[in-house]
Amino acid sequence: MNVAKSGYRVFSANSSAVCTELAKKITERLGVELGKSVVFQEPNRETRVDVKESVRGQTIFIIQTIPRDVNTAIMELLVMAYALKTSCAKNIIGVIPYFPYSKQCKMRKRGSIVCKLLASMLAKAGLTHIITMDLHQKEIQGFFSFPVDNLRASPFLIQYIQEEIPDYRNAIIVAKSPAAAKRAQSYAERLRLGLAVIHGEAQCSESDMADGRHSPPCVRNPTGHTGLELPSGKQQAPFPGIELPIMMAKEKPPITVVGDVGGRIAIIVDDIIDDVGDFVAAAEILKERGAYKIYIMATHGVLSADAPRLIEESAIDEVVVTNTVPHEVQKLQCPKIKTVDVSMILAEAIRRIHNGESMAYLFRNIAVDD
């Protein structure tokens with residue numbers, strides 16, 4: 001394809017060479033050259049972007065993979081998007097395979113919905129469209145004021161299961177918690193396999209003690225208001241607080257596996273594998289229940305902290321992730337980690353958007369709950 005006449009450019013917003021590998025694979029599949037730009041960090045850690053070619057009137061695709069330094073990657077994307085906007089680019093489309101802060105998409109006590117904040121920042125910087133993959137919650141698409149294409153990695157992972165796992169017909173798909181059951185059910189139905197769910201593990205690390213509900217009652221001021229006013233003008237007795245129905249405390253049941261995994265290959269599926277503690281614990285439980293091989297399939301292999309060491313020392317036989325997040329260092333530390341390339345579907349999404357073609361082909365056979 002003649003880049004000068006194609007009407008669009010593809011840029012990488014990463015300052016790290018390791019993070020540009022996915023962008024290079026996508027441009028090779030598209031038959032275009034990667035746009036000329038320089039992204040670097042000043043000595044004071046400020047992000048600077050220099051676009052080295054004209055983008056006036058062009059449709060621009062910015063590919064941004066998220067390394068361990070998440071906040072720097074976000075600033076690189078924001079600064080590049082704004083630089084392209086002020087250079088009179090026609091459309092600026094972000095290709096963000098792993099959308100950061102996607103786990104912070106719900107209100108947690110006195111916290112904030114950071115994912116919504118990031119969506120607003122991207123819109124303000126000049127993005128007009130986003131291509132991403134396997135958002136942690138599909139409802140995140142509602143945070144954006146512009147179109148979002150949430151692609152799926154499951155066809156690639158299912159193909160890996162069929163081609164690389166011997167005797168996969170003797171496998172069972174496992175959800176490591178009831179919350180992951182829908183995703184696991186989708187895999188099980190497509191592979192015509194059974195489904196098992198691990199129930200009873202620790203649900204959340206957040207403590208109700210910090211929620212304010214156990215705060216001491218406020219001290220009453222004898223000279224001020226002493227009670228609630230009744231319509232008749234009479235006063236009730238002083239009150240320490242409004243009486244509300246007491247919520248029963250949760251009692252976590254003993255860990256159980258719903259489904260028979262004895263003598264089977266257990267395949268745990270999820271969207272993100274970051275802190276591997278839950279996966280290692282699930283693998284130990286499945287081994288105790290008789291599973292003789294344990295695989296983990298996830299879209300985004302964040303694998304932070306000492307995840308490679310924990311995987312290597314665990315009962316897990318193999319961890320399969322896509323290349324939405326760079327993890328070459330982790331693969332050197334743990335040979336159990338395998339990678340599936342998803343550049344094909346990202347390149348096809350870019351091609352279809354640029355040509356004004358329907359994206360429905362990329363979402364065929366995908367139900368609302370998938």
Side-chain angles (χ1 to χ4, degrees), residues 97-98 132-138 150-199 201 256-273 276 278-301 311 314-325 336-346 348-349 360-370:
Y98 167 59
T132 187
M133 181 168 282
D134 282 338
L135 288 169
H136 187 59
Q137 298 287 342
K138 292 187 292 296
N150 182 27
L151 304 176
R152 305 296 195 274
S154 52
F156 297 90
L157 296 174
I158 288 172
Q159 184 180 29
Y160 184 94
I161 292 172
Q162 293 172 326
E163 296 178 356
E164 302 296 334
I165 299 181
D167 195 24
Y168 83 91
R169 289 293 180 189
N170 188 37
I172 185 168
I173 304 298
V174 180
K176 69 179 178 66
S177 67
K182 275 190 177 181
R183 184 181 302 272
Q185 181 183 0
S186 175
Y187 276 75
E189 290 175 350
R190 283 170 167 75
L191 289 164
R192 277 64 172 173
L193 298 176
L195 176 66
V197 180
I198 300 175
H199 179 55
E201 78 282 5
T256 57
V257 178
V258 182
D260 182 18
V261 299
R264 313 283 286 277
I265 300 171
I267 303 175
I268 305 173
V269 298
D270 212 336
D271 61 329
I272 302 172
I273 176 168
V276 300
D278 290 345
F279 292 94
V280 171
E284 291 175 356
I285 294 165
L286 294 170
K287 276 288 186 184
E288 291 174 2
R289 299 297 194 277
Y292 72 91
K293 271 196 174 182
I294 298 169
Y295 291 81
I296 294 176
M297 317 291 294
T299 303
H300 310 295
I311 293 171
S314 72
I316 299 168
D317 291 282
E318 196 168 282
V319 174
V320 182
V321 294
T322 71
N323 56 344
T324 56
V325 178
K336 292 182 179 180
I337 301 172
K338 308 296 180 184
T339 307
V340 174
D341 181 24
V342 292
S343 62
M344 180 189 303
I345 192 170
L346 294 170
E348 180 63 13
Y361 178 78
L362 303 182
F363 294 96
R364 64 194 186 283
N365 297 327
I366 293 178
V368 175
D369 293 332
D370 285 349

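Please read these numbers as outputs of a predicted model, since none were measured by experiment.
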Check step by step if side chain to side chain donor-acceptor pair (under 3.5 Å) holds for Tyr160 and Glu318.
CA-CA 12 Å; Tyr160 184 94; Glu318 196 168 282; 2.6 Å; yes
For Leu193 and Arg264, what are the C-alpha separation, side-chain angles and deciding distance, and is it a side-chain contact (heavy atoms from CB on, under 4.5 Å)? CA-CA 11 Å; Leu193 298 176; Arg264 313 283 286 277; over 6 Å; no
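- Note that NZ of Lys176 and CD1 of Ile268 are 8.5 Å apart. Values are rounded to the nearest 0.5 Å.
- A distance-only check finds no donor-acceptor pair linking the side chain of His136 to the backbone of Ile272 [under 3.5 Å].
- Looking only at distances, a side-chain donor or acceptor of Asn170 sits under 3.5 Å from a matching main-chain atom of Gly263.
- One distance of note links CD1 of Ile337 with CD1 of Ile311; it measures 4.5 Å at 0.5 Å rounding.
- Taking OH from Tyr295 and CD from Glu164, the interatomic distance works out to 9.5 Å, rounded to the nearest 0.5 Å.
- Taking CD1 of Ile273 as the reference point, atom CG of Asp278 lies at 10.0 Å (rounded to 0.5 Å).
- Considering every non-hydrogen atom in both Thr322 and Ala153, the closest pair reads CG2-CB, 4.0 Å.
- Taking every heavy atom of both residues into account, Gly301 and Val321 meet most closely at CA-CG1, 3.7 Å.
- For the pair Arg190 (side chain) and Ala188 (backbone), a donor-acceptor distance under 3.5 Å is absent.
- Residues Glu348 and Met344 are not in side-chain contact: their nearest non-hydrogen atoms beyond the backbone lie 4.5 Å or more apart.
- Leu362 approaches Ile366 most closely through the heavy-atom pair O-CD1, 4.0 Å.
- Taking each heavy atom of Val197 and Ala181 in turn, the nearest pair found is CG2-CB, 4.4 Å.
- For the pair Ile165 and Ile267, the minimum side-chain heavy-atom distance is below 4.5 Å.
- Side-chain atoms of His300 and Thr324 form a donor-acceptor pair, as typed in the model, at a separation below 3.5 Å.
- For the pair Pro178 and His199, the tightest heavy-atom approach, listed with the atom from each and the gap, is CG-ND1, 3.5 Å.
- At a threshold of 4.5 Å between non-hydrogen side-chain atoms, the residues Phe156 and Ile345 count as touching.
- Side-chain N or O atoms of Arg152 include one that pairs as donor or acceptor with a backbone N or O of Asn150 at under 3.5 Å.
- Between the side chain of Lys287 and the backbone N or O of Tyr292 there is at least one donor-acceptor pair closer than 3.5 Å.
- Atom CD1 of residue Ile294 and atom CD1 of residue Ile265 lie 11.0 Å apart, to the nearest 0.5 angstrom.
- Of all non-hydrogen atoms in Ile172 and Gly194, the two that sit nearest each other are CG1-O, 3.4 Å.
- Proximity of Val342 to Pro97: side-chain heavy atoms (C-beta onward) are nowhere separated by under 4.5 Å.
- Between the CE atom in Met297 and the CD1 atom in Ile161 there is a gap of 4.0 Å [rounded to 0.5 Å].
- Looking at heavy atoms from C-beta onward, Phe363 lies in side-chain contact with Leu151 at the 4.5 angstrom threshold.
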